[in-house]
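To keep things clear, I will list the structure first and then write my remarks on it.
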Amino acid sequence: MASPLPSSLSHFSLLSKPAPPQNHHLRLLLAPTRPASSGFQCRAGTGFFNRLGRLIKEKAKSDVDKLFSGFSKTRDNLAVIDELLLYWNLADTDRVLDELEEALLVSDFGPKITIKIVESLREDIVAGKLKSGSEIKEALKKNVLDLLTIEGKTELQLGYRKPAVVMIVGVNGGGKTTSLGKLAYRLKNEGAKVLIAAGDTFRAAAGDQLEIWAERTGCEIVVAEKEKAKAATVISQAVKRGKEQGYDIVLCDTSGRLHTNYSLMEELIACKKAVGKVMPGAPNEILQVLDGTTGLNMLPQAREFNEIVGITGLILTKLDGSARGGCVVSVVNELGIPVKFVGVGESVEDLQPFDAEAFVNAIFS
């Protein structure tokens with residue numbers, strides 16, 4: 001029999017239908033019923049995810065004020081560029097470009113990207129293509145935007161069959177579980193029926209943290225009742241329930257781990273394989289959460305995660321407290337993996353869909 005619910009979650013109820021014996025260590029908690037979003041209702045059919053993706057993308061464009069405020073420290077770092085270009089003349093080219101290079105490096109664009117941008121500007125100035133400070137500024141913005149534009153799409157790729165499965169991975173302390181909760185909130189508000197899988201069975205507090213997020217967002221959650229349950233089992237059973245009970249999306253948390261711990265990294269492979277057995281083609285997305293305050297130091301762990309499990313998109317967190325927003329450009333360009341969301345604040349609504357053009361305008365306004 002399932003263990004009693006924690007007193008803090010006494011308003012949750014168990015399904016009246018008993019779980020199969022082989023899954024007795026799992027339980028499904030039901031979040032309080034909330035009215036569906038009036039702006040978009042969940043509908044059956046392959047067009048659901050296309051509509052959902054379009055709504056999220058439109059939301060990103062309408063929330064540019066949050067993006068602007070989130071990158072205010074990076075913008076302050078780069079404000080010197082406007083001063084440099086205000087009275088620019090051809091004789092000052094070398095000095096101006098040297099100081100522009102320094103501003104980009106301080107904002108964590110990285111040496112490789114910075115040199116590429118500056119040399120491109122230098123060539124265009126010498127060739128007579130750029131003849132004023134304003135033209136140089138626009139060329140700078142275009143160069144950065146081009147670096148952010150890769151083949152991978154920034155919107156969520158959720159396929160055509162329900163449920164779509166999204167795995168969230170990353171190291172401890174990067175904001176992984178919080179990002180999952182905020183993503184659940186955004187998807188639920190756009191009309192999706194979301195099931196959360198508490199697959200971080202390594203950290204005792206992670207399940208409790210996700211149960212609180214389930215309560216806040218009005219989503220159901222599958223949690224393990226016994227200690228040291230296998231993450232792959234929790235996640236695969238959540239996907240199975242999502243398939244049987246008509247959920248649109250299953251968001252799967254996983255145990256945080258350092259990329260140098262290979263035994264724990266192998267667990268991610270097991271989770272990925274287990275999901276694929278239940279739902280062919282899943283997971284649809286494997287999103288890695290990276291702490292934006294670490295700047296370019298995030299690159300080694302991102303490479304390792306990608307090589308082992310195949311990352312489809314990035315969530316960059318804590319960027320509101322960093323003056324090094326240029327790391328977004330370096331990470332995308334170095335890894336060839338699109339940024340899907342950025343964390344620009346502490347509130348539940350501050351996980352913003354990433355829009356490259358809005359980002360460039362936010363840091364170079």
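Only this structure's heavy atoms are used, side chains among them; waters, hydrogens and symmetry mates stay out. These numbers were taken from a predicted model, which means no experiment stands behind them. In what follows, residues are counted from 1 in the order of the sequence shown.
Taking each heavy atom of Val234 and Ala224 in turn, the nearest pair found is CG2-CB, 3.8 Å. A pairwise comparison of heavy atoms in Asp94 and Arg122 identifies OD1-NH1, 2.9 Å as the closest pair. The shortest heavy-atom contact between Ser179 and Leu351 is O-CD2, 3.6 Å. Across all non-hydrogen atoms, the minimal contact from Trp88 to Val96 is CD1-CG2, 3.9 Å. Nearest heavy atom pair, residue Leu145 against residue Thr149, reads O-OG1, 2.8 Å. In terms of heavy-atom proximity, Ala184 sits nearest to Ile196 at CB-CD1, 4.1 Å.
The side-chain heavy atoms of Asn77 and Lys73, taken from C-beta on, include no pair separated by under 4.5 Å. Within the 4.5 Å cutoff, no side-chain heavy atoms of Glu211 are placed close to those of Gln209. Between Cys219 and Lys193, every side-chain heavy-atom pair lies at or beyond the 4.5 Å cut-off. Using a 4.5 Å heavy-atom threshold, the side chains of Leu195 and Ile249 count as separate. Leu140 has its side chain within reach of Phe364: a pair of non-hydrogen atoms, C-beta onward, lies under 4.5 Å apart. At a threshold of 4.5 Å between non-hydrogen side-chain atoms, the residues Phe359 and Val339 do not count as touching. Proximity of Val165 to Cys252: side-chain heavy atoms (C-beta onward) are separated by under 4.5 Å at one or more points. Annotation: side chain of Phe354 is not in contact with side chain of Leu316 (no heavy-atom distance under 4.5 Å).
With hydrogens and angles ignored, the 3.5 Å screen pairs no side-chain donor or acceptor of Arg303 with any backbone N or O of Leu335. Under a 3.5 Å cut-off, the side chain of Ser236 and the backbone N or O of Ala232 do form a donor-acceptor pair. Distance alone, capped at 3.5 Å, is enough to place a donor-acceptor pair between the Lys176 side chain and the Thr254 backbone. In this structure, the side chain of Asp108 does not engage the main chain of Cys327 through any donor-acceptor pair within 3.5 Å. In this structure, Thr317 contributes its side chain and Leu290 its backbone to a donor-acceptor pair below 3.5 Å. When atom types are taken as modelled, the side chain of Gln352 and the backbone of Glu349 share a donor-acceptor pair closer than 3.5 angstrom. Within the 3.5 Å criterion, the main-chain N or O of Leu104 finds no donor-acceptor partner in the side chain of Ser107. With hydrogens and angles ignored, the 3.5 Å screen pairs no side-chain donor or acceptor of Thr114 with any backbone N or O of Glu101. A donor-acceptor pair under 3.5 Å is absent between the side-chain atoms of Asn306 and the main chain of Ala302, judged by distance alone. Between the side chain of Gln245 and the main chain of Lys243, no donor-acceptor pair closer than 3.5 Å is present.
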From CA spacing to verdict: side-chain contact (heavy atoms from CB on, under 4.5 Å), Val169, Leu287: CA-CA 6 Å; Val169 304; Leu287 304 181; over 6 Å; no

Given the rule in the side-chain contact (heavy atoms from CB on, under 4.5 Å) test, do Val289 and Val171 qualify, once you have shown the distances and angles that lead to the verdict? CA-CA 8 Å; Val289 177; Val171 302; over 6 Å; no

Run Leu183 and Phe341 through side-chain contact (heavy atoms from CB on, under 4.5 Å) and show every step you take. CA-CA 9 Å; Leu183 181 56; Phe341 294 89; 3.6 Å; yes

Please report the C-alpha distance between Asp253 and Leu210 in whole Å, then the side-chain angles of each, then the deciding distance to 0.1 Å, and finally whether the side-chain contact (heavy atoms from CB on, under 4.5 Å) criterion is met. CA-CA 9 Å; Asp253 196 14; Leu210 265 187; 3.6 Å; yes

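Residue Thr178 holds its OG1 atom at 8.5 Å from NZ of Lys318, rounded to the nearest 0.5 Å. Distance check: Leu90 CG to Ser132 OG gives 12.0 Å after rounding to the nearest 0.5 Å. Put simply, CD1 on Ile363 and OG1 on Thr74 are 7.0 Å apart, with the number rounded to the nearest 0.5 Å. For the atom pair NZ of Lys272 and CD1 of Ile308, the computed distance is 11.5 Å after rounding to the nearest 0.5 Å. Taking CD of Glu138 as the reference point, atom CG of Asn143 lies at 11.5 Å (rounded to 0.5 Å). If you take CD1 on Ile125 and CG on Leu97, they are separated by 4.5 Å, rounding to the nearest 0.5 Å.
Salt bridge status for Lys182 with Asp350: absent, with no side-chain N to carboxylate O gap under 4.0 Å. Salt bridge present: Glu334 and Lys112 bring a charged side-chain N and a carboxylate O closer than 4.0 Å. The existence of a salt bridge linking Lys162 and Asp248 is confirmed by a sub-4.0 Å separation between a basic side-chain nitrogen and an acidic carboxylate oxygen. Using a 4.0 Å cut-off between charged side-chain N and carboxylate O, Glu220 and Arg241 make no salt bridge. Between Arg95 and Glu99 there is a salt bridge, with a side-chain nitrogen of the basic residue lying less than 4.0 Å from a carboxylate oxygen of the acidic one.
Shown here is Lys141, whose NZ atom has more than 12 heavy atoms of other residues, nucleotides or ligands within 6.0 Å. Atom CD of Glu119 has more than 12 neighbouring heavy atoms from other residues, nucleotides or ligands inside a 6.0 Å radius.
With hydrophobic clusters built from ILVMFWY side chains whose heavy atoms lie under 4.5 angstrom apart, Ile117 does not share a cluster with Ile115. The hydrophobic cluster containing Leu105 does not contain Phe109, counting ILVMFWY residues as joined when their side-chain heavy atoms lie under 4.5 angstrom apart, directly or transitively. Leu130 and Val126 fall into different hydrophobic clusters, where Ile, Leu, Val, Met, Phe, Trp and Tyr residues are linked whenever their side-chain heavy atoms come under 4.5 Å apart, directly or through other members.
Paired with Thr312 under the rule side-chain hydrogen bond (donor to acceptor under 3.5 Å, both in side chains), one option of Lys340, Gln288, Glu285 passes, and it is Glu285.
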